[in-house]
*Asks:* 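Take a look at this one; I'll ask things after.
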Amino acid sequence: MNSGVVAKAKRRGAEPSDRPALLLDWYDRHRRRLPWRPPAGERADPYRVWLSEIMLQQTGVKTVGPYFEKFLARWPDVAALGSASQDDVLRMWAGLGYYSRARNLHACAVAVLREHGGVFPDTEQGLRALPGIGPYTAAAIAAIAFDVRTMPVDGNIERVVSRLYAVEEPLPQAKPLIGELASTLLGPSRAGDEKSRAGDEKSRAGDSAQALMDLGSSICTPKKPACALCPLNEDCVARARGDQEAFPRKAPKKTGTLRRGAAFIVTRGEQLLVRTRVEKGLLGGMTEVPGSEWLAGQDDKTALKQAPVLKGVTRWHRKAGVVTHVFTHFPLELVIYTADVAARTRPPEGMRWVPIATLADEALPNVMRKAIAHGLGL
DNA sequence: TAAGCGTGGAA
DNA sequence: TTTCCAAGCTT
């Protein structure tokens with residue numbers, strides 16, 4: 001066990017700096033308590049590690065917390081999740097975004113259940129073959145849940161490492177280099193072993209990785225990093241030059257073009273007309289109200305022509321204002337039209353009526369919740 | 001290889 | 001307000 005005293009002695013220069021040890025020592029003192037993390041020293045549950053890692057892809061810790069708790073309460077293990085319907089999973093995921101993650105999460109649980117007897121593979125290669133698990137997530141699960149000596153590289157670690165070494169190459173080209181540099185921050189494994197599993201002499205690979213992530217999220221932040229508190233500050237090349245915030249280098253991202261469309265809020269008493277989006281692509285498999293295409297330069301007249309055909313609807317009421325929403329790659333403006341139809345009016349092909357009172361349980365993405373709220377005057 | 005894919009929080 | 005961006009994956 002690395003004590004703070006030992007670490008500080010090394011930092012004074014009596015010995016060459018031992019970055020892996022400094023890092024683990026810092027982690028032992030500042031480790032965050034998170035819903036998916038077991039108490040210090042206890043073995044992590046692969047199911048929880050996997051579930052949290054999928055939710056955390058491009059999504060903040062604070063946002064994920066409640067969703068993780070909800071999922072764990074309803075589906076406490078991979079067998080339970082693999083036995084659920086995809087639609088139930090999408091409903092629970094609604095609001096978290098990047099819905100292909102939810103579809104892949106379910107597909108992965110099914111695969112683990114049917115092809116691996118309900119037990120997660122304990123190697124990167126085995127994990128990588130599962131839906132929704134890419135290079136980062138495979139390495140993260142292997143290191144955190146199975147103590148495989150590997151270093152997952154996420155956005156936090158890219159930032160920490162690119163600063164530590166002042167990596168001039170821009171992302172994403174610099175990924176391989178950053179991966180190599182990041183791996184030097186892993187502690188030693190037992191001689192001759194490619195990897196150490198729980199029960200063997202520990203490499204603490206998972207702790208090393210989570211130490212870098214915690215460091216990146218709390219100290220080595222994108223703006224105004226708290227370098228004075230960083231256990232690696234004496235070794236940091238960017239800090240020595242005073243331009244920490246300039247790393248990682250990356251090309252500026254282009255902003256998408258505004259798209260416009262119409263959404264049709266059709267009520268039948270206390271029910272609302274909805275349909276399910278196609279499985280693939282934007283908001284795939286999620287519930288939506290009928291609407292026009294979303295196109296750059298879409299004009300209101302063209303959009304209105306794409307209204308659903310319902311018996312008895314002679315005119316649409318246009319609500320004042322527009323609903324705006326920003327996706328990753330484009331902003332959207334929706335014009336909202338409403339209509340109320342007689343009881344027993346049949347839904348158009350592929351659509352259905354749902355009680356407004358139970359909308360909260362539908363697999364509605366947030367953009368649709370906004371549109372419905374606007375249309376219903378909520 | 002580059003583009004597609006949500007959302008909300010923070011500065 | 002605007003901009004950035006958070007434990008990336010898929011095609």
Side-chain angles (χ1 to χ4, degrees), chain A residues 32 34-37 44 48-68 90 93-105 107-108 127-145 151-160 170-173 175-176 178-179 182 206-218 220-225 245 248 250-257 259 277-286 288 294 324-332 363-370:
Chain A
R32 288 181 294 175
L34 299 172
W36 43 89
R37 274 187 190 167
R48 299 183 194 208
V49 173
W50 163 71
L51 180 59
S52 67
E53 289 297 341
I54 301 300
M55 289 182 166
L56 287 162
Q57 289 168 3
Q58 299 291 285
T59 308
V61 164
K62 197 170 181 179
T63 302
V64 165
Y67 282 86
F68 178 82
L90 283 178
W93 194 279
L96 197 52
Y98 284 134
Y99 298 100
S100 67
R101 290 185 298 171
R103 299 194 299 274
N104 285 330
L105 183 84
C108 182
L127 290 161
R128 182 70 182 76
L130 292 165
I133 298 183
Y136 162 77
T137 306
I141 298 171
I144 297 169
M151 179 63 85
V153 181
D154 73 330
N156 285 307
I157 297 181
E158 284 176 350
R159 186 171 57 255
V160 172
L171 286 169
Q173 292 83 355
K175 277 178 176 288
I178 291 175
D207 285 348
S208 294
Q210 292 177 97
L212 280 175
M213 295 183 210
D214 279 16
L215 194 60
S217 72
S218 62
C220 195
T221 49
K223 292 173 184 173
K224 301 190 184 306
E245 289 192 34
K250 58 175 71 173
K253 52 186 74 169
K254 34 197 152 185
T255 61
T257 308
R259 300 185 199 180
R277 293 176 64 90
V278 294
E279 188 75 9
K280 295 221 165 192
L282 183 66
L283 308 176
M286 300 295 285
E288 68 172 0
W294 298 343
T324 62
H325 190 77
V326 180
F327 292 102
T328 305
H329 50 304
F330 67 93
L332 175 68
L364 282 169
N366 277 5
V367 60
M368 287 300 146
R369 293 180 188 272
K370 285 190 204 174

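Keep in mind the model is a prediction, meaning the values are calculated, not measured. Lettering of chains follows the sequences in order, A, B, ..., and the numbering in each one begins at 1.
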*Asks:* I'd like the P distance from C/dT11 over to B/dG6, given in whole Å.
*Replies:*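 Taking atom P in both B/dG6 and C/dT11, they lie 14 Å apart.
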*Asks:* Who are the side-chain hydrogen bond (donor to acceptor under 3.5 Å, both in side chains) partners of A/Thr59, not counting sequence neighbours?
*Replies:*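 Scan of A/Thr59 (side-chain hydrogen bond (donor to acceptor under 3.5 Å, both in side chains), adjacent residues dropped) gives A/Arg101.
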*Asks:* Any idea which heavy atoms bring A/Gly285 and A/Leu90 closest together, and the distance?
*Replies:*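 Minimum heavy-atom contact is O-CD1, 3.4 Å.
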*Asks:* I need the CG-C1' distance between A/Asp214 and C/dA6, as an integer number of Å.
*Replies:*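 After rounding, the reported distance stands at 14 Å.
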*Asks:* How long is the line joining CG of A/Leu34 and P of C/dA6, in whole Å?
*Replies:*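 The distance from CG of A/Leu34 to P of C/dA6 comes to 17 Å, rounded to the nearest Å.
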*Asks:* Write down the protein N/O and nucleotide N/O pairs, taken from nucleotides 8-11 of chain B, whose separation is under 3.5 Å; answer none if there are no such pairs.
*Replies:*
residue : atom : partner  : partner atom : Å
B/dG8   : OP1  : A/Asn366 : ND2          : 2.2

*Asks:* Whole angstrom is fine here: how far is it from NZ in A/Lys250 over to P in C/dT3?
*Replies:*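 Rounding to the nearest Å, NZ of A/Lys250 and P of C/dT3 are 17 Å apart.
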*Asks:* Using atom CG of A/Leu171 as one end and atom C1' of B/dT1 as the other, report the distance to the nearest whole Å.
*Replies:*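 Taking CG of A/Leu171 and C1' of B/dT1, I get 15 Å after rounding.
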*Asks:* Rounding to an integer number of angstrom, what distance separates B/dT1 and C/dG8 when you compare their C1' atoms?
*Replies:*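 Here B/dT1 and C/dG8 have their C1' atoms 16 Å from each other.
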*Asks:* Which atom names give the shortest non-hydrogen contact between A/Ala138 and A/Leu127, and what distance separates them?
*Replies:*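 Nearest heavy atoms, A/Ala138 then A/Leu127: O-CD1, 3.6 Å.
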*Asks:* Expressed in angstrom and rounded to an integer, what is the separation of A/Arg159 atom CZ from C/dC4 atom P?
*Replies:*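 These atoms are roughly 15 Å apart.
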*Asks:* B/dG6 P sits how many Å from A/Met286 CE, rounded?
*Replies:*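 Computing the A/Met286:CE to B/dG6:P distance gives 9 Å.
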*Asks:* Contact class for A/Arg32 (heavy atom, under 4.0 Å): base, sugar-phosphate, or nothing?
*Replies:*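 Base contact.
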*Asks:* Enumerate the protein-to-nucleotides 2-4 of chain B contacts in which both atoms are nitrogen or oxygen and the separation is below 3.5 Å.
*Replies:*
residue : atom : partner  : partner atom : Å
B/dA3   : OP1  : A/Lys254 : NZ           : 3.1

*Asks:* Start with the C-alpha gap between A/Trp36 and A/Val61, add the side-chain angles, then the distance that decides, and say whether side chain to side chain contact (heavy atoms under 4.5 Å, CB included) holds.
*Replies:* CA-CA 11 Å; A/Trp36 43 89; A/Val61 164; 4.1 Å; yes
*Asks:* Identify the heavy atoms of A/Ala140 and A/Pro152 that sit nearest to each other, and give their distance.
*Replies:*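 Smallest interatomic distance, heavy atoms only, reads N-CB, 3.6 Å.
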*Asks:* Once salt bridge (Lys or Arg N to Asp or Glu O under 4.0 Å) is applied, do any residues pair with A/Arg369, and if so which ones, sequence neighbours excluded?
*Replies:*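 Partners of A/Arg369 under the salt bridge (Lys or Arg N to Asp or Glu O under 4.0 Å) test: none.
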*Asks:* Rounded to whole angstroms, how far apart are CD on A/Glu245 and P on C/dT3?
*Replies:*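 Between P of C/dT3 and CD of A/Glu245: 18 Å.
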*Asks:* Identify the heavy atoms of A/Ala44 and A/Val49 that sit nearest to each other, and give their distance.
*Replies:*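 Smallest interatomic distance, heavy atoms only, reads CB-CG2, 3.7 Å.
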*Asks:* Would you say the side-chain atoms of A/Tyr136 and A/Gln57 include a donor-acceptor pair closer than 3.5 Å?
*Replies:*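 Per modelled atom types, A/Tyr136 and A/Gln57 side chains form no pair under 3.5 Å.
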*Asks:* Would you give the length of the straight line joining atom OG1 of A/Thr328 to atom CD of A/Gln58, rounded to the nearest 0.5 angstrom?
*Replies:*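 Spacing of OG1 (A/Thr328) from CD (A/Gln58) equals 8.0 Å.
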*Asks:* Under 4.0 angstrom, heavy atoms only, what part of the nucleic acid is A/Ile157 near: base, sugar-phosphate, or nothing?
*Replies:*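 Since no nucleic acid heavy atom lies under 4.0 Å of A/Ile157, the category is nothing.
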*Asks:* Rounded to whole angstroms, how far apart are CD1 on A/Ile54 and P on C/dA6?
*Replies:*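 The distance from CD1 of A/Ile54 to P of C/dA6 comes to 19 Å, rounded to the nearest Å.
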*Asks:* So which heavy atom on A/Glu279 is nearest to which on A/Arg103, and how close?
*Replies:*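 For A/Glu279 versus A/Arg103, the nearest heavy atoms are O-CZ, 3.1 Å.
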*Asks:* Could I get a table of every N or O pair under 3.5 Å where one atom is in the protein and the other is in nucleotides 8-11 of chain C?
*Replies:*
residue : atom : partner  : partner atom : Å
C/dG8   : OP1  : A/Gly155 : N            : 3.2
C/dG8   : OP2  : A/Gln58  : N            : 2.9
C/dG8   : OP2  : A/Gln58  : NE2          : 3.1
C/dC9   : OP1  : A/Gly134 : N            : 2.8
C/dC9   : OP1  : A/Gly134 : O            : 3.3
C/dC9   : OP1  : A/Thr137 : N            : 3.0
C/dC9   : OP1  : A/Thr137 : OG1          : 2.8
C/dC9   : OP2  : A/Tyr136 : N            : 3.4
C/dT10  : OP1  : A/Gly132 : N            : 2.7

*Asks:* Give A/Trp93 one of three labels, base, sugar-phosphate or nothing, depending on what nucleic acid heavy atoms sit under 4.0 Å from its own.
*Replies:*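 Touches nothing.
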*Asks:* Treating A/Arg259 as the side-chain partner and A/Pro331 as the backbone partner, does any N or O pair qualify as donor plus acceptor under 3.5 Å?
*Replies:*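 Between the backbone of A/Pro331 and the side chain of A/Arg259 there is no qualifying donor-acceptor contact (under 3.5 Å).
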*Asks:* Listed by chain and number, what are the ring pair (Phe, Tyr, Trp, His ring centres under 6.0 Å) partners of A/Tyr67, not counting sequence neighbours?
*Replies:*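 Ring pair (Phe, Tyr, Trp, His ring centres under 6.0 Å) check on A/Tyr67 returns nothing, list empty.
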